2 protein chains.
Amino acid sequence: MEQDHFSNNGPQSKLIDAAITLFSEKGYAATSVREIVELAGVSKPVLYYYFKNKEGLFNAILDEASEWQEQIIRNVLDSPQSATEKLLILYTHIDDAFQEHPDFFRFIHSLILGLPQGNPVYDLERFHRRMIDLVREIYQQGRVKGEFLEADPEDFASLIIGVNDFCLHLECLNPEKGDSERPKRLLNLALKGLKNKD
Amino acid sequence: MEQDHFSNNGPQSKLIDAAITLFSEKGYAATSVREIVELAGVSKPVLYYYFKNKEGLFNAILDEASEWQEQIIRNVLDSPQSATEKLLILYTHIDDAFQEHPDFFRFIHSLILGLPQGNPVYDLERFHRRMIDLVREIYQQGRVKGEFLEADPEDFASLIIGVNDFCLHLECLNPEKGDSERPKRLLNLALKGLKNKD
DNA sequence: GTCTATACATGGATAGAC
DNA sequence: GTCTATCCATGTATAGAC
């Protein structure tokens, strides 16, 4: 139960869990099918039976990541808070998700920031665009209400997402000395000159 | 001459150029020795003669990257400017280097941000620490001169480097619609609430 | 649905001639 | 120093029995 990334306990979820663990350590290309099935405790053909091939596993994991992102975005948009608080909630949700499934996030994050490295093709930029669009939307709502000073919405969004990406990156580098307050501190630092003081 | 990453034109530099091109497209693990020697126009044993093996090529490239970083840092520290201007110069130097050798930087950048992916071990975090230390140093100089408001030096440095990393990342994603002014704009945005207005 | 055993391709590295 | 030819390990994927 404890190390489970996904719900049920059939061969599918055992394979997905094993794949996430290994992909997040060594990457897709450097992980062999043999290792995956060994860690999952099944034999090779089981993998080819449930997922079409190694690439099928990869796609299953990324589809799951998409759903997570959508859910985070929905939660943030639905919250009845101010724009600044919405940004804080976004940061918090992302960090919570990261704490709960660190290797899953390490993997996704490295895919988005890294090179193809022999991975199957997948529209990874979508994750990024989705986040930028969300923050731009939040900025514009806040701007209308006089919560923020004038700035280019795209630049504002890039700043906010860039800072958060960097924090995630730092946490990926050394999860041991994780400073769970850093994202919030850096967000405040970045917002210092952008908020309207009234 | 035009696509050269390194000085002379012997087999060494042809191999290094070819390796950089391919590594930056597909990553280390996914690039085969066969491809490298084909692009370099030499045969396999030449690679094993000059560099001990594939890993030797990798190390040669990263050592070169280290020297570049040191040179940028020296230039920034030696400039007689204010702290804010030093940060701008840092951003400019990095961007210049990126414009001049895009695939070289794409590769280094993805190594730092990505996962091991079967790469040889190399102290990549050093690149990152070096930059953070530099910016913290600049901040403290500026703080003494009353140029900046009070902030945690480490957080300040994280913010500045994080923003720049993100800009590099955006440029790596789509070099075509490169917005060469973005780094400076985002730097200003981030510094808005941190500078002393006198 | 799940296993054992195996086919088949590719990649890193080297032997040995020139 | 550079080549051709080759060795050998590893990896993906499947055939065929249960």
Side-chain angles (χ1 to χ4, degrees), chain A residues 4 6-62 107 110-111 114-122, chain B residues 4 6-62 107 110-111 114-122:
Chain A
D4 268 12
F6 296 92
S7 33
N8 82 78
N9 243 28
Q12 291 103 321
S13 67
K14 282 197 287 189
L15 280 165
I16 290 205
D17 279 350
I20 289 176
T21 302
L22 293 168
F23 288 168
S24 78
E25 277 171 17
K26 321 195 296 175
Y28 176 85
T31 301
S32 72
V33 170
R34 183 181 52 73
E35 292 173 293
I36 299 173
V37 297
E38 260 174 24
L39 183 60
V42 299
S43 67
K44 273 192 214 174
V46 176
L47 185 154
Y48 290 95
Y49 179 81
Y50 285 107
F51 306 89
K52 183 181 152 122
N53 49 25
K54 192 182 168 188
E55 185 173 338
L57 249 179
F58 178 88
N59 288 327
I61 293 172
L62 279 165
F107 177 53
S110 81
L111 280 179
L115 290 169
Q117 306 253 71
N119 305 327
V121 283
Y122 196 99
Chain B
D4 268 13
F6 295 91
S7 34
N8 81 79
N9 244 28
Q12 291 103 320
S13 69
K14 281 196 288 189
L15 279 166
I16 290 203
D17 279 349
I20 290 176
T21 302
L22 293 168
F23 287 169
S24 78
E25 278 170 17
K26 321 196 295 175
Y28 176 85
T31 301
S32 72
V33 171
R34 184 181 48 74
E35 291 172 293
I36 299 173
V37 297
E38 260 174 24
L39 183 59
V42 299
S43 66
K44 272 194 216 177
V46 177
L47 185 154
Y48 291 93
Y49 178 81
Y50 284 106
F51 307 89
K52 182 180 153 125
N53 48 26
K54 192 183 170 187
E55 184 172 339
L57 248 180
F58 179 87
N59 289 327
I61 293 172
L62 279 165
F107 177 52
S110 81
L111 281 180
L115 291 169
Q117 306 254 71
N119 305 328
V121 283
Y122 196 98

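A note on names: the letters A, B, ... follow the listed sequences, proteins ahead of strands, and every chain is numbered from 1. Only this structure's heavy atoms are used, side chains among them; waters, hydrogens and symmetry mates stay out. None of these values were measured; they are calculated from a predicted model.
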| message | Quick check on side-chain contact (heavy atoms from CB on, under 4.5 Å): which of B/L22, B/V42, B/D17 does B/I36 satisfy it with? | response | B/L22
| Flag, side chain of A/N59 to backbone of A/G56, donor-acceptor distance under 3.5 Å | no
| query | Which residues, if any, of residues 45-56 of chain A bring a heavy atom under 4.0 Å of DNA chain C? | reply | A/P45, A/V46, A/Y49, A/Y50
| query | If you find the nucleotide of DNA chain D closest to B/K44 and the one closest to A/V33, which residue's nucleotide is nearer the 5' end? | reply | B/K44
| remark: All heavy atoms of A/V37 vs all of A/R34, minimum pair found to be CG2-O, 3.1 Å
| message | To the nearest 0.5 Å, what is the distance between CZ on B/F23 and CD on A/Q117? | response | 10.0 Å
| request: Classify the ring geometry between B/Y28 and B/F58 as parallel (under 30°), tilted (30 to 60°) or perpendicular (over 60°). | output: perpendicular
| remark: Between CD of A/E35 and P of D/dG11 the distance, given in whole Å, is 7 Å
| remark: Taken to the nearest 0.5 Å, the spacing of B/S110 OG from B/E25 CD works out to 12.0 Å
| What are the bounds, 5' to 3', of the part of DNA chain C that sits under 4.0 Å from heavy atoms of chain A? | C/dG1 to C/dT4
| Qualifying residues under ring-ring contact (aromatic ring centres under 6.0 Å, His included), relative to B/Y122, sequence neighbours excluded | none
| Just how far is it from atom NZ of A/K14 to atom CG of A/L47, taken to the nearest 0.5 Å? | 13.0 Å
| field | Length of the line joining A/E38:CD and D/dG11:C1', which is rounded to integer Å | value | 13 Å
| B/S32 near the nucleic acid: base, sugar-phosphate alone, or nothing, with a heavy-atom cut-off under 4.0 Å? | sugar-phosphate
